[in-house]
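Scroll down for the structure; my scribbles are underneath it.
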Amino acid sequence: MAKKMPCPFCGTQVEYAIENSPDWYSDPSLPVYRIDCHDKCRQYWLEAISDPHPQIDPAILAFLDPLNNEQRTYISESTHHACDNGILIVYNSKILQYLIIDWHYAKAAVMLYEFNDVSFQISGVGFDFANMLFFLNTEDARFTLRIYQAGTPIDKIRSEIHWLKALWNKGRIKTLSPVAGRDGEIIQCPSPNDLPSRYATVYDWIPGETLHGLSAAEKTPELIRNLGTMVGRMHYVSETLELPDGFTRPRYDTDWITAKIEAALGSDTDASAEELTKLSSLSSRFSQFVTEHGEGRDVFGLIHSDMEPHNIIIADGQPCPIDVVGFGFGYYFSDILTLSRHFSEDEQAIFFQGYQEIRPLPTGYRQQLALFEELRVL
């Protein structure tokens, strides 16, 4: 008969097992409690200690003990949401502390907006301890809330908002629309309890399904072409956008890519001579690409930098890019490759046709995309 205990998060009677840490965990030598809370929290693991016998780490229980019902529900819902997005979690007291700290920031942030009866949950895409994303639910609308990493320069966030507005105003691309707080400011600065202040922004919700979630039948030629024109319009905006003073975004430039190649050459001590030769060849081929194309605005400008299907919402048949927290200056080929590699050869032809309705692609662009495909895996 399976062992049972109350779930430490939601209190439901659950089955559990004591086992070795999952292979993917950072410390496989630790014992863990696997908790199977099917209806509420789904499945997760808790770090354990083995002296004198396996038991849940007392530090976890000590941390959970003073939490109120709202905080426990937040952990439960966050775990549920993460599991439903394919994320497996081994909790220790430190991770739980991070989660509750973010709860305090989100709780303080929503109070800075004109929301009634609002609830929130963490995004299930991942527990990103740097820039946390939350889903907000009110009586009649949904929003997203971004809590930025402590120390994030405000000019970096202003630059993000400037680009988002330009995508709509100049490119007619529907994307995240910022929401002002009670004081009329787009960027808020919650500082809960004695925690240091962090910047926060709220954006309107874009209803629809991610490109990743569509069936093959729903990925029609028209949609694929629209994806191409969307990326083309994004790059057209980047090519022509006047940047204000203080515009600050990361650069995925020659130095950044060269450093990645050099790191790969130096870190893989088990690489064969053939693999090392291939990496060295990649470095010289990229250097040749830079020599031929440079970093002019026709080839190098503001890019999304994470144009994956899960970061594109299909709303009323139109693609809408989201999650632009990592956007910066880079080669347009990087965006084009990141998205087009998910398509079949016939779909790629349609995608490139849509892109070239807005911007031309150079002769030999498929060979250049092959170079960026190799760079992508570094």
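Hydrogens, waters and symmetry mates play no part in the numbers below; they use all other heavy atoms, side chains included.
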* Just by distance, do the side chain of R72 and the backbone of P8 share a donor-acceptor pair under 3.5 Å? -> yes
* To do: Evaluate the ring planes of F115 and Y113, with Trp represented by its six-membered ring, and classify them as parallel (under 30°), tilted (30 to 60°) or perpendicular (over 60°).
  => parallel
* To do: Measure centre to centre between the rings of H235 and Y355, then say whether the value is under 6.0 Å.
  => yes
* Asked: So, the side chain of R249 versus the backbone of F327: is there a donor-acceptor pair under 3.5 Å, distance only?
  -> yes
* Between K219, E308, Q348, E347, which is the residue that forms a side chain to side chain donor-acceptor pair (under 3.5 Å) with H342? -> E308
* To do: Kindly indicate, with the supporting measurements, whether the criterion salt bridge (Lys or Arg N to Asp or Glu O under 4.0 Å) is fulfilled by R198 and D102.
  => CA-CA 11 Å; R198 292 169 65 177; D102 291 320; 3.6 Å; yes
* Are a donor atom and an acceptor atom from the side chains of Q368 and H293 found within less than 3.5 Å of each other? -> yes
* **Charged N-O contact under 4.0 Å between E114 and R182** => yes
* Does the cation-pi check pass for R251 over F329, that is, NZ or CZ under 6.0 Å from the six-membered ring centre and within 45° of its axis? -> yes
* To do: Could you tell me whether the side chain of N92 and the main chain of E47 form a donor-acceptor pair under 3.5 Å?
  => no
* **Ring centre gap for Y25 and W45 strictly below 6.0 Å** => no
* Would a line drawn from the ring center of Y331 to the ring center of F333 be shorter than 6.0 Å? -> no
* Asked: Is a side-chain N or O of H80 found less than 3.5 angstrom from the main chain of K40, in a donor-acceptor match?
  -> yes
* Side chains of E139 and N116: is there a donor and an acceptor less than 3.5 Å apart? -> no
* Asked: Hey, does the side chain of R158 reach the backbone of T248 with a donor-acceptor pair shorter than 3.5 angstrom?
  -> no
* Between Y105 (side chain) and L195 (backbone), is there a donor-acceptor pair under 3.5 Å? -> no
* To do: Look at atom CD of E274 and say whether more than 12 heavy atoms of other residues, nucleotides or ligands are closer to it than 6.0 Å.
  => no
* Asked: Could R297 and E239 be called an ion pair, given the rule that one side-chain N must be under 4.0 Å from one carboxylate O?
  -> no
* Determine whether the aromatic ring centres of F9 and Y91 lie less than 6.0 Å apart. => yes
* **K260 atom NZ: more than 12 heavy-atom contacts under 6.0 Å** => yes
* To do: Determine whether the side chains of T254 and E295 contain a donor N or O and an acceptor N or O closer than 3.5 Å.
  => yes
* Are E357 and R225 ion-paired here, with the side-chain N under 4.0 Å from a carboxylate O? -> yes
